[in-house]
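A short worksheet on the structure shown next.
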Amino acid sequence: MKMLIRSSLLRSSGIYTAANLLNAAIPFFMLPILTRYLTPTDYGIVAMFTAMIGFFTPVIGINIHGAINRQYFERDQIDLPKYIGNAFLLLFTSFLIVSLFVWLISNPLASLTAFPKEWLFAVLLVSLFQVINQVMLVMWQVKVKPLKYGTFQVLQTSLNVGLTLFFVLILAMGWEGRIQGQLIAICFFGLISLIILRKDGLINFSFNKGYIRHILNFGMPLIPHTLGAVIITMSDRFFVTSMVGVSATGVYTVGYQLGMVIGISQDSFNKAWVPWFFGKLKKNEEKDKVTIIKITYMYFVIILILALVFGFLSPILLPYLLGEEFRSAGQFIIWIALGFAFNGMYKMVTNYIFFLQKTKYLMILTFVTAVINLVLNYFLINEFGAIGAAMATCIAFLIIFIFTWIIASKLYKMPWNIIKLFKK
């Protein structure tokens, strides 16, 4: 514990947590305003916009940021700027292909999602520039530059919120104002990311067949994995929209946003954890393995306690946070908070699979879990209404955590025996 307190891991995690909490606090404090200026139907349309971005981002992005993250630790054996340049060539090609496909199916897609057809291209643009931003953030993460990482996030969110408030409060644009705020902010910072990467000499667009093949081999198996994760986290909104109504989706989304406080906390730790964790595994020393597992078990306990406490206490604050039409969102919070706790635990074990680059296991596992989640959504929403979607999300996160842990323990031997571990 003393070693952990003194380590760069804790310092970086603290900075990531502070930045992420500040980043999340800005839209969180918007809730009292937006839930009084937007109707549940408006919120539902915005929720479908976010859900579609979640679906199209991994398809367009081919997980290039994950490939870059992993290959950074092999930078002494590759030309990293050329690798990143080829990743962007793939990204732009994928964007054009997906855009053509969406144009061809725009009518049924708009009908299925209750989302206006004329705004579908905004979904694709945000997905593209979000991937570019992810690459910039990954470079700062692997270089252990949490201050730059956090500053970038907070500035982007601040612009997003500022534009949203201007469009919604001053110009009274409703859901369109919220979407325009996101579109402008993310695209603007995506351009800034490209400028910074180019200025730092991290982009070389010289075509390299070997790098293209490696990126595809790494990223393509992860598309079903990532889409499976998106189905687990986003399909609930599609089901609620179709089975209950877009207005119910708006209320559900507000509850989901509040439950995501736990998601933000665990994601902050994971961003600091990954570079430290990969570095320790690369050294392959037994004492480091013991330390890793001790921290992992402590993390499991802490994140579950946080989720339970937050889930039970947060509904008390709802009359102060939300407009009257949205206060029933409190019923979803405990389920979403627990779901994100299980998701944080999943991240602690899935990193072994990423380190070994055995992503095909994640593809199969996530696909199976996503199918289970779809079935759970249908039956639980049918039985309990919109809260069934929150239950389905929580159960799906628990399932994928347990089975990922089993697979990771088989692929990479670690001292998981808790009795022997804490005797050392």
Side-chain angles (χ1 to χ4, degrees), residues 13-14 16-18 20-36 40 43 47 50 232-237 239-240 244 248-270 295-349 373 376-377 379-381 383-402 405:
S13 180
Y16 282 124
T17 300
N20 277 9
L21 287 176
L22 180 58
N23 191 48
I26 297 172
F28 181 80
F29 287 120
M30 285 174 62
L31 285 175
I33 300 171
L34 292 184
T35 55
R36 288 169 172 84
Y43 239 102
T50 304
I232 295 169
T233 56
M234 295 290 183
S235 63
D236 47 7
R237 267 142 281 195
F239 274 99
V240 173
V244 186
T249 305
V251 177
Y252 175 80
T253 301
V254 169
Y256 198 98
Q257 282 182 285
L258 292 168
M260 275 187 66
V261 167
I262 300 301
I264 292 162
S265 301
Q266 49 96 334
D267 188 59
S268 301
F269 182 82
N270 188 63
I295 294 173
T296 300
Y297 280 131
M298 286 189 288
Y299 174 86
F300 287 175
V301 173
I302 292 169
I303 198 70
L304 283 172
I305 291 173
L306 285 175
L308 288 169
V309 172
F310 179 79
F312 284 118
L313 295 182
S314 57
I316 299 171
L317 302 175
L318 293 192
Y320 308 99
L321 288 175
L322 306 179
E324 190 172 345
E325 291 181 288
F326 291 87
R327 288 174 192 169
S328 59
Q331 62 185 310
F332 308 118
I333 296 175
I334 182 64
W335 292 102
I336 300 301
L338 273 174
F340 275 109
F342 294 135
N343 178 248
M345 295 159 71
Y346 155 82
K347 289 176 182 176
M348 294 294 283
V349 294
N373 182 61
L376 286 171
N377 264 297
F379 285 104
L380 291 176
I381 293 172
E383 181 69 24
F384 301 108
I387 196 172
M391 294 175 180
T393 298
C394 182
I395 295 168
F397 276 136
L398 175 60
I399 290 170
I400 197 170
F401 158 61
I402 291 171
W405 191 3

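Along the sequence shown, residues carry numbers from 1.
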Donor-acceptor pair between Asn373 and Thr393 side chains, under 3.5 angstrom
no

For side chain to side chain contact (heavy atoms under 4.5 Å, CB included), just list the numbers for Trp405 and Met348, CA-CA rounded to whole Å, side-chain angles, deciding distance to a tenth of an Å, and then say yes or no.
CA-CA 9 Å; Trp405 191 3; Met348 294 294 283; over 6 Å; no

How close do [X] and [Y] get, counting heavy atoms only, and between which atoms?
X: Ile387; Y: Phe384; result: CG2-O, 3.6 Å
X: Asp236; Y: Ala389; result: CB-CB, 3.6 Å
X: Leu318; Y: Arg327; result: CD1-O, 3.5 Å
X: Val251; Y: Glu325; result: CG2-O, 3.8 Å
X: Ala392; Y: Leu376; result: CB-CB, 3.8 Å

Pairwise distance [atom1]([X]) to [atom2]([Y]) - rounded to 0.5 angstrom:
X: Cys394; Y: Ile399; atom1: SG; atom2: CD1; result: 10.0 Å
X: Thr253; Y: Leu258; atom1: OG1; atom2: CG; result: 11.0 Å
X: Met298; Y: Ile295; atom1: CE; atom2: CD1; result: 6.0 Å
X: Leu308; Y: Ile262; atom1: CG; atom2: CD1; result: 9.0 Å

Check the orientation of Tyr297 and Phe300. Use parallel for under 30°, tilted for 30 to 60°, and perpendicular for over 60°.
perpendicular

Any side-chain heavy atom of [X] within less than 4.5 Å of one from [Y]?
X: Tyr43; Y: Phe326; value: yes
X: Phe269; Y: Tyr299; value: yes
X: Thr249; Y: Val244; value: no

Residues Leu313, Ile316; criterion side chain to side chain contact (heavy atoms under 4.5 Å, CB included); working and verdict
CA-CA 6 Å; Leu313 295 182; Ile316 299 171; 4.3 Å; yes

For residues 332-345, which side-chain donor-acceptor pairs fall under 3.5 Å, sequence neighbours excluded?
{"unit_1": "Asn343", "atom_1": "OD1", "unit_2": "Gln266", "atom_2": "NE2", "d": "2.8"}

